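First the proteins, then the strands, lettered A, B, ... as listed; each starts at 1. These numbers come from a predicted model, not from an experiment. We use all heavy atoms of the structure for the numbers below, so side chains are in, but hydrogens, waters and symmetry mates are not.
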Amino acid sequence: MTVLTLVELDGTQASAVLPIDGSLRALTLARSLGPSAAVVFAAGSAVPSSTLAEYGVTDVYVVEPSALDGYAPVAWARVLAGLLADTKATAVLAAGTDRGSEVLAHLGAITGLPMAANCTAVSADGDGTHKLVRHRWAGLLLEDAVLEAPVALLTVATDGVPNVPADTPAAVTVHEHKPSLTENDLAVRAVESAAGAGGVSLATARVVVGGGRGVGGPDGFAPLEELAAMLGGVVGVSRVVTSEGWRPHRQQVGQTGTKITPELYLACGISGAIQHIAGCAGAKHIIAINTDAGAPILSHADYVLIGDLHKLVPALVTALRAR
Amino acid sequence: MTDTPARASAVIIGAGIVGNSLVHHLALLGWRDLVLVDKGPMPNPGGSTGHASNFIFPIEYSKMMFELTADSTAQYKELGVFTESGGIEVARTPERMHELRRRCTQAKSWGIPASVITPEEVKKLVPYLDESVILGGGYFPTVGVVDSLRAGTLMRERAVASGAASVLPSTEVYGITVTDGRVRGVTTSAANGGQHCIATDNVVICCGVWSPRIARMAGARLALTPCVHQMISVGPIALFADTPGEISYPIVRDVDTNMYERQHGGDMEVGSYAHRPIIVPPDDIPSIEESALSPTELPFTQDDFDPQLAEALELMPELLGDEKAGIRYAINGLISMTPDGHPLLGEQPEAMGLWSAAASWIKEGPGCGRAVAELMSGQVPTVDVHEADAARFYPHQQTVSHVRARAREGFNKMYGIVHPAEQWESSRPARLSPVYERERDLGAVFYETAGWERPFWYESNAGLLEKYQVLGRTAEWDSRWWSPVVSAEHLAMRDTCAIVDLSAFAIFEVSGPGALAGVQSLAVAQLDVAVGRVVYTSFLNSAGGFVADLTVMRLAHDRFRIVTGGATGQSDFTWISGHLPADAFLADLTSGWTTIGLWGPRARDVLSAAVLSEGGADDVSHGGFGFGTCREIEVGGTVVLASRISYVGELGWELHVPIEQGARLWDALWMAGQPHGLVPAGIGVYGTTGRLEKGYRAFGAELTAEYTLVEAGMTRPKVKEQPFIGKEAYLRQRQEPPVAVLCTLTVDSHESADGSLRYMLGGEPILALDGSRLVDAKGRPSYVTSAGSGPSVGKHLLMAYLPADVAVEGSSLLVEYVGEHYPVTVARASAQPLFDPDNYRIRSLWTSWSA
Amino acid sequence: MDILVCVKRVPTVGGRITVTEDGQEVDTRMSGFTISPHEECAVEEAVQITERLGGTVSVLTLGAEVCVEQLRDALALGASRAVLLETDGREYGPIATASAIAAEVRAHGYDLVLLGNEASDTGDYQVGIRVAHELGWPVATGIKSLELSDGAVVARREYRGVEEAYTLPLPAVITVKEGINLPRYPSLPGRLRAKRAAVERVPVGSQSPGGLRKSGLRVPESVKHQAEVLDGIPELVRVLDELGILS
């Protein structure tokens, strides 16, 4: 009955090492399926047991870094496979992150089990059967599905399930887990280095100012950059902009770009194609600046200012400067 | 955002090039409280205007299209959005070279600069073209491109700035209210998600491909279908990297492959009319939300374009063959098509205040907006748009089936070599005369008018060619859609007698207490005549130009039977019904009556025999049945309304009988006619050869809104006292000498440079002996309005308006045809006929043959 | 270098997805079709590699005859061989798809197999990985840059602010993400070559029952805002302040 969840940790906070938001959502979903166990790859001292307990985890399996040098997806999957056998878990979950998806996919390949990606709801429906709801089109469409397998392998849509602690924290036991891994398991391994430009990234920015086709060309982004800087944020763009080569791909907000979760997304001259909405639906607030009162993005925005961004964005910058 | 108004003087639906132009011109004409609505956003709501190829070639095959295009071009220039690039139509075949020569000549009629150039000259203008693939080109230096989106925006902004109009973008029309035959209002979406009603007396449908859907809301049918036209954009083109602006090279129309190539900034836009016709029903057009690009930029179907890639590469091998130049835009674009290729302009017959301004392309958009604005303001439009009359189509022509069939057939002819007399194949036969089968058995070659199948000539008359000498034609083009049998039928008619099926006539009746007043107010001629008289008359518009040409029979004190040509029947009906007093009633009897004509020296012999054969006693002698009268007679067991008039200049009658008895009447006349040499004659005789020799004018050819009764030489000594539309203008016209005079010219020599004989078909320019164009003081050019054989006078005849000082009988001029000059002589500078000038035949001053 | 790129035919969508009346498929009557975005970049990457190092690019898809359109799209970009793993057109899950692909790889032999990280419609995230396991090859996913050296490939991606580099010996499977390059547009000669090129057709057996089975598709009940219309810049500034953005 045990549900095993792969929990990824966020080591960037200076104060403490905490599970990433996606893993907390996965744990929330896991709780509804059964007794919840977590798998964590970290030094024992860095395991956030109390947080895990708050999310109803009763058992934490810790794999020390010395067992494997950094991140190796097959090795992580092998660990899960071992623990799956040991605990006789009926389900293995992970957040639908790049790592979570690939680890669970490897687990599926290793065990010969099917894997359902980006689920938002799941319930047992008799022996070896689960009913679930999962994302298609990055969440713009939902699939109702039936999973027939002795063990349910699922990743959890990071924007499709709420992050809710348990009513009462569980009593948690920490187990040190020493996996037996082959050289093959460790062959494909990440060698990590600091990423390019430091500072605020699109994925973590608190404010994103978006520009789309309405900006008109590569030279039109200066006012948006100015605005973003004033608001302590960064500029994001729609796929039209990157396809035309106006801006580099790493600035793309969208299904095939970056999914953003800012406090505010200010979408300027963006009509709101499906794949863009997929990228910005996680924003807490969306304000659109657009000449088209019928643009699809307005169905997802909280506020809209109808007008030409070439006039309104500089005007906004001026107004903010005056404060 | 403006608050949505509750009332409007007019609601214009659609903010493409036409809607924007319309609102602009209405504002200029003094309209206020206009509301422009579009479902999409400004400035590009997502209609055909938004992705148009935006180039303008001046048009020469139709006067109306030429003028609308010229007007639109002038408007674009005034808005500063026109860039002249020049345009070249390249020929890959000898047939096309002939066609280019013909079209360049035709262009001269309108003063459009045009010349046939060699492949080397094409290459100089378009260096990236492989000239070995072509035989030459037609160069049109005044061709240009426009920014239609900007033009529309500027026009719309002007209307708004003047306070005349408000704009509602992102607003959908849900319904149009029509009560008691009048438009009352429009229901639209509202910003808060509800609905909003705008009360108005005028709604204009400018919705392009969506127009039929919107029209349905008002209970109206629009003969328009959306149709795909593929286009791609290839770039970056190395050669275009450093050229300034949007276009620096002439536009190329590769007409033999149905394609065009034009520079668009750094790209080459390649468009095609070569693919299979793809019809998209208006209800299947995606919404803005559903579209990846826009509702009229549909996903590209690669397979349909693949053959065109090879042809484009063949013409521009290095430029388009550059592996670094990619196809970076490709759409199945949507355009509007109508059965005859002309726009739909004017008031819809289904409801007063319901107007259409649809099926207009970029090249005529602003002109269409102006024309409809003028019509809405009760003015005679600057450009005569009767050929685009929204009311011109018959019900069967508005069916989806017919509209689509003609659109499919017309699509691949977009750049085709289309003969002026070319007949449609699809959606036929639609309307059949009661004697259709007899005609078919006589080997009739059927041409279609208004859906009616009409014999143009009868193959069974081929034997007449041995009996009568006729002018033959040897050049293939001139002989197309023609036969020397027409001339033989003509000579037989003038020798003995011909029977002509005129079922295609449109027949109306005006009755009631106000009938006389009603028809009097419409017609130039006096119609308060004795019962039983037939009057031939024109209708004028308020500026004194022609709007109709027909005959009226007074059947009773308060009953008038109107007979007009099938081609203009619907428009004429709409005109009449729009101008009758409340106590006059108009009925369309076309489908209840059929007309058979009988003309020739022996017509009376034939008719008498048919009358007498069943013991009838009606007197059809000259004394007993005078010219210009009508009355009922009995013929072969049918009661016939006989009308003694003639459009071919012979003794004879139009015989009207209920349609279900048409065959019986035909048979009776046929039998009676055999001993007298009766032959069946087709419309070739009735519509062309017969009338040309008599100088009879035809509406739409000689008689148009642009010319006057004075210029057409059709004035009578007196003008009736009763008021009629156009009377004041006509009286003024009579005061002054005419600026132009309608003449009949004979062609003196048909010999071309290569020794072949050429016969003009119509539309050719008349030139002075030094080859310069003739243009009258009002700026109207001289061109051939009608052309055809005059078998009885042994000449090929042309009609044309000539400047008054040139319109001198006997003077020599030139006509240009397919790039060569032919001598012509002004045979008549009046309406006096060339053949039987004193009308002995009509007046029955021949004695009839004795048996 | 012999590279195989696996692509999938997906509908192009605008601002709205609708489902067919039976609730089983996306309504594609108004849409065109394209190669799913990530693998468009995979095709481009493969072509760029062979332009630098020589070799051939083969492209493969699994589906019905209509999918040949996408194969020709890839041929127009520079692929020289196309394979249709032909099915009856119904949806094939990741396990069956991976099996069919692996069979083709075994039959032909390649140095490198590229796929997109996930298809834009089904988003299963696993076909590349399953293919690798079937072949016993190494695999890296979500890759944003590829560097080939003698017998190996270095694949890089960024994860939560950290750059990860994976070194894989060839033959290997790599799934890429859009952004690895900017795909070219097909040239006219390219399109013509694509039109003339032969497409190999390999029939695919039906997939086994069980596993993950779709019951239906539906559009989520989005919280359809009527976005509140702001009156002008001052009101926008006020809203930004209220949302706590300006502090």
Side chain / backbone / both / neither for His135(A) at chain C, heavy atoms under 4.5 Å:
backbone
Turns out that what part of Leu320(A) lies under 4.5 Å from chain C's heavy atoms comes down to side chain
Would you mind telling me which of [options] has the largest number of heavy-atom pairs within less than 4.5 Å of chain C?
options                                    : value
Ala145(A), Ala117(A), Ser271(A)            : Ala145(A)
Arg250(A), His285(A), Arg99(A), Glu143(A)  : Arg99(A)
Ala190(A), Ala187(A), Pro296(A)            : Ala190(A)
Thr256(A), Leu132(A), Leu147(A), Leu316(A) : Thr256(A)
Glu263(A), Lys284(A), His249(A), Arg323(A) : His249(A)

Is the shortest side-chain N to carboxylate O distance from Arg156(C) to Glu147(C) below 4.0 Å?
yes
Evaluate Thr122(C) against Lys8(C) for side chain to side chain donor-acceptor pair (under 3.5 Å), listing each step before the verdict.
CA-CA 10 Å; Thr122(C) 46; Lys8(C) 184 179 181 192; 2.9 Å; yes
Picking from Asp98(A), Thr204(A), Thr97(A), Asp10(A), what satisfies side chain to side chain contact (heavy atoms under 4.5 Å, CB included) with Arg160(C)?
Asp10(A)
If a pair satisfies side chain to side chain donor-acceptor pair (under 3.5 Å) and one of its residues is in residues 127-140 of chain C, list it, with sequence neighbours excluded.
His106(A)-His133(C), Ser99(C)-Glu134(C), Arg106(C)-Glu134(C), Gln126(C)-Arg130(C)
Thr175(C) backbone acceptor or donor facing Asn117(C) side chain under 3.5 Å:
no
When you measure from the side chain of Gln255(A) to the backbone N and O of Ser120(C), does any donor-acceptor pair fall under 3.5 Å?
yes
May I ask you to list the residues in residues 28-49 of chain C that approach chain A closer than 4.5 angstrom, counting heavy atoms only, ordered by number?
Pro37(C), His38(C), Glu40(C)
Gap separating the CG atom of Leu168(C) from the CD1 atom of Ile143(C), nearest 0.5 angstrom:
8.0 Å
How are the rings of Tyr166(C) and Tyr71(A) set relative to one another: parallel (under 30°), tilted (30 to 60°) or perpendicular (over 60°)?
perpendicular
